[in-house]
2 protein chains.
Amino acid sequence: MAAKQRVVNLSTIRQACSECSLFQLCLPVTLDAEDVEQLEDIVQRRRPLRRGEYLYRAEDPFRAIYAVRAGAIKTTVLSINGEEQITGFHLPGEILGLDAINSGRHPCSAQALETTSVCEIPFDNLEYLATKIPGLQQSLLRIMSKEIFKDHELLYAVAKRSADERLAIVLLSFSNRFGRRGLSRTRFRLPMSRAELSNYLGLAPETMSRLFRRFQEQGLITASGKEIALQDIGALRDLAYGYGCEANQRHLRS
Amino acid sequence: MAAKQRVVNLSTIRQACSECSLFQLCLPVTLDAEDVEQLEDIVQRRRPLRRGEYLYRAEDPFRAIYAVRAGAIKTTVLSINGEEQITGFHLPGEILGLDAINSGRHPCSAQALETTSVCEIPFDNLEYLATKIPGLQQSLLRIMSKEIFKDHELLYAVAKRSADERLAIVLLSFSNRFGRRGLSRTRFRLPMSRAELSNYLGLAPETMSRLFRRFQEQGLITASGKEIALQDIGALRDLAYGYGCEANQRHLRS
DNA sequence: CGTAATTTTGACGCGCGTCAAAGCTTGTGG
DNA sequence: CCACAAGCTTTGACGCGCGTCAAAATTACG
């Protein structure tokens, strides 16, 4: 089914690659045109997901990883009492599903926050390709490493910080992630509701609401609905990274 | 330097492998004796670390990943104000350093909590070997996936829960991790101080202390110093996994 | 344009951090 | 083997941050 002849040049590949969010797999290392072509052959387009549709559900068997092209996806787990815990937001250019490799089943559900299109990358093929193309294996390992690191970061970020620090942190996180994709770092549209944000951050929605008000009063941001503009990134950074968090570390030895 | 001839049989390999904590790399997939031998060749023993000694420091260039053979290691980051944030405890049989693959530098420091011996697995060699032995590549990916998942778990675990739920969760986590290694699941010695535990969980040491008292009064555990005995695992599980955490999810759509 | 879902606002209470000081370990040197 | 520090761990008192409940205001959507 992939036996057709094709003529490609590197720049169109790069472009297609980037367009369908494979750039994360391509960029870190040098893959030549042929490699990228092979990689592209295994990538599948799917019809866009509508808001609320599931990309996969927890416990589904693991077949593929996914790259978000446009839109946004949230991943969730169900706590025992049947309540939804949001574990991550995935924006264009980001990859999800890696956490399923180990057990062979998805540990969380993935649901579209708005109309969203993704690329599907069947993992069997990818893994096979990775043994053939050393650059690709490296690339894969690197992405997974980054994933681990990102999570660690969020872990500290969210676990041990006050509500306003948490909000500052995610706002800056979105700012960076949009910025990396070439969008504005200071004005963007949050794809999720306040309730989802607060759930993600482990706060009550009421607290989230009050925070948004406070942040606006302090001139840190302006917000109307989901449209956000960061007015004072410096101050946000001060909030997010450190100053005023002399939490509970003074008790440790050297 | 690795050119010497050796006669091996699979069971001694397996044993050595498990002893030096490579079992995580071997077990998930089938590697034949020769593969394991190659793997073993690149593993390096190091002299044991004494309590407080660093295995590596944040920002150190990434050379190798490490498997804990005996003892325990904590990984930490420094927040801007120079305070230590504990990001993980690593017990025998566990692997650390994977989070450095992406950037090429260790994002955190690793320090021995007690006398600790580790295996060093130079990453260049491992990566090369992984291209030669498909089973090994799979194994690596799987471990990294597990790592991602574990972190996710802890993220929810710690971020959005009350102090006693957090304590129940880590106690059960240690119970499982010791149990997996063949030690008792109900009586064990915590390798870290209360202050370190509380730092890790994002709590004040005073709170930790009060929690230990409460848990003992309620008959959940008995503790004297670092020796812990879990008396009522069922109740701990109830605390850890759900009941009574109707936190902040009732606000979400469908 | 009306109904449902979301967001906002206010009042109130509890959990947990903070400060301060009193036991307990642990290790070191006489 | 004991004495004396220097950590740790525990205890109590107190206050603030944020969750909870309830209801109004706003927005989204058919």
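In what follows, chains are A, B, ... by sequence order, proteins preceding strands, each numbered from 1. Just the heavy atoms: all of them, side chains too, but no hydrogens, waters or symmetry mates, feed the values below.
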For [X] and [N], is the shortest distance between a side-chain N/O and OP1 or OP2 below 4.0 Å?
{"X": "Ser209(B)", "N": "dT9(D)", "result": "no"}
{"X": "Thr207(B)", "N": "dG17(C)", "result": "yes"}
{"X": "Arg194(B)", "N": "dT10(D)", "result": "yes"}

Handout entry: 5' precedence on DNA chain D between Gln216(B) and Asp164(A) (nearest-nucleotide basis)
Key = Gln216(B)
Exercise for the section: Give one of base, sugar-phosphate or nothing for Arg210(A), where a contact means two heavy atoms less than 4.0 Å apart. Expected result: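 The answer is base, as Arg210(A) lies within the cut-off (heavy atoms under 4.0 Å) of a base atom.
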Between [N] ([atom2]) and [X] ([atom1]): distance, integer Å:
{"X": "Phe212(B)", "N": "dC16(C)", "atom1": "CZ", "atom2": "P", "answer": "15 Å"}
{"X": "Glu196(B)", "N": "dT9(D)", "atom1": "CD", "atom2": "P", "answer": "8 Å"}
{"X": "Met192(A)", "N": "dA28(D)", "atom1": "CE", "atom2": "C1'", "answer": "18 Å"}
{"X": "Glu206(B)", "N": "dT9(D)", "atom1": "CD", "atom2": "C1'", "answer": "10 Å"}
{"X": "Met208(B)", "N": "dG15(C)", "atom1": "CE", "atom2": "P", "answer": "16 Å"}
{"X": "Lys226(B)", "N": "dT25(C)", "atom1": "NZ", "atom2": "P", "answer": "13 Å"}
{"X": "Leu201(A)", "N": "dC18(D)", "atom1": "CG", "atom2": "C1'", "answer": "14 Å"}
{"X": "Leu197(B)", "N": "dT10(D)", "atom1": "CG", "atom2": "P", "answer": "11 Å"}

Completion exercise
Looking only at heavy atoms, the pair that brings Glu227(B) and Arg189(B) closest together is OE2-CD, 3.3 Å
Practice task
State whether the side chain of Glu196(A) and the backbone N or O of Ser193(A) hold a donor-acceptor pair below 3.5 Å, judged by distance alone.
Solution key: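 Here the side-chain-to-backbone pair exists.
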Practice task
When you get a sec, tell me which of dC18(D), dT6(C), dG19(D) is the closest nucleotide to the side chain of Ser193(A)?
Solution key: dT6(C)
Exercise for the section: Identify which nucleotide among dT11(D), dC29(D), dG17(C) has an atom closest to any side-chain atom of Arg213(B), counting heavy atoms from C-beta outward. Expected result: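 Nearest to the side chain of Arg213(B) among the choices is dT11(D).
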Problem - Between Ser162(B) and Arg166(B), a side-chain donor and acceptor under 3.5 Å - result: no
Handout entry: Near-ring test Tyr66(B)/Tyr56(B), centroid separation under 6.0 angstrom
Key =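 Between Tyr66(B) and Tyr56(B), which both carry aromatic rings, the centre distance is below 6.0 Å.
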Exercise for the section: Test Glu120(B) against every option in Arg47(B), Arg46(B), Arg63(B) by the salt bridge (Lys or Arg N to Asp or Glu O under 4.0 Å) rule and name the one that passes. Expected result: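 Exactly one candidate clears the test, Arg46(B).
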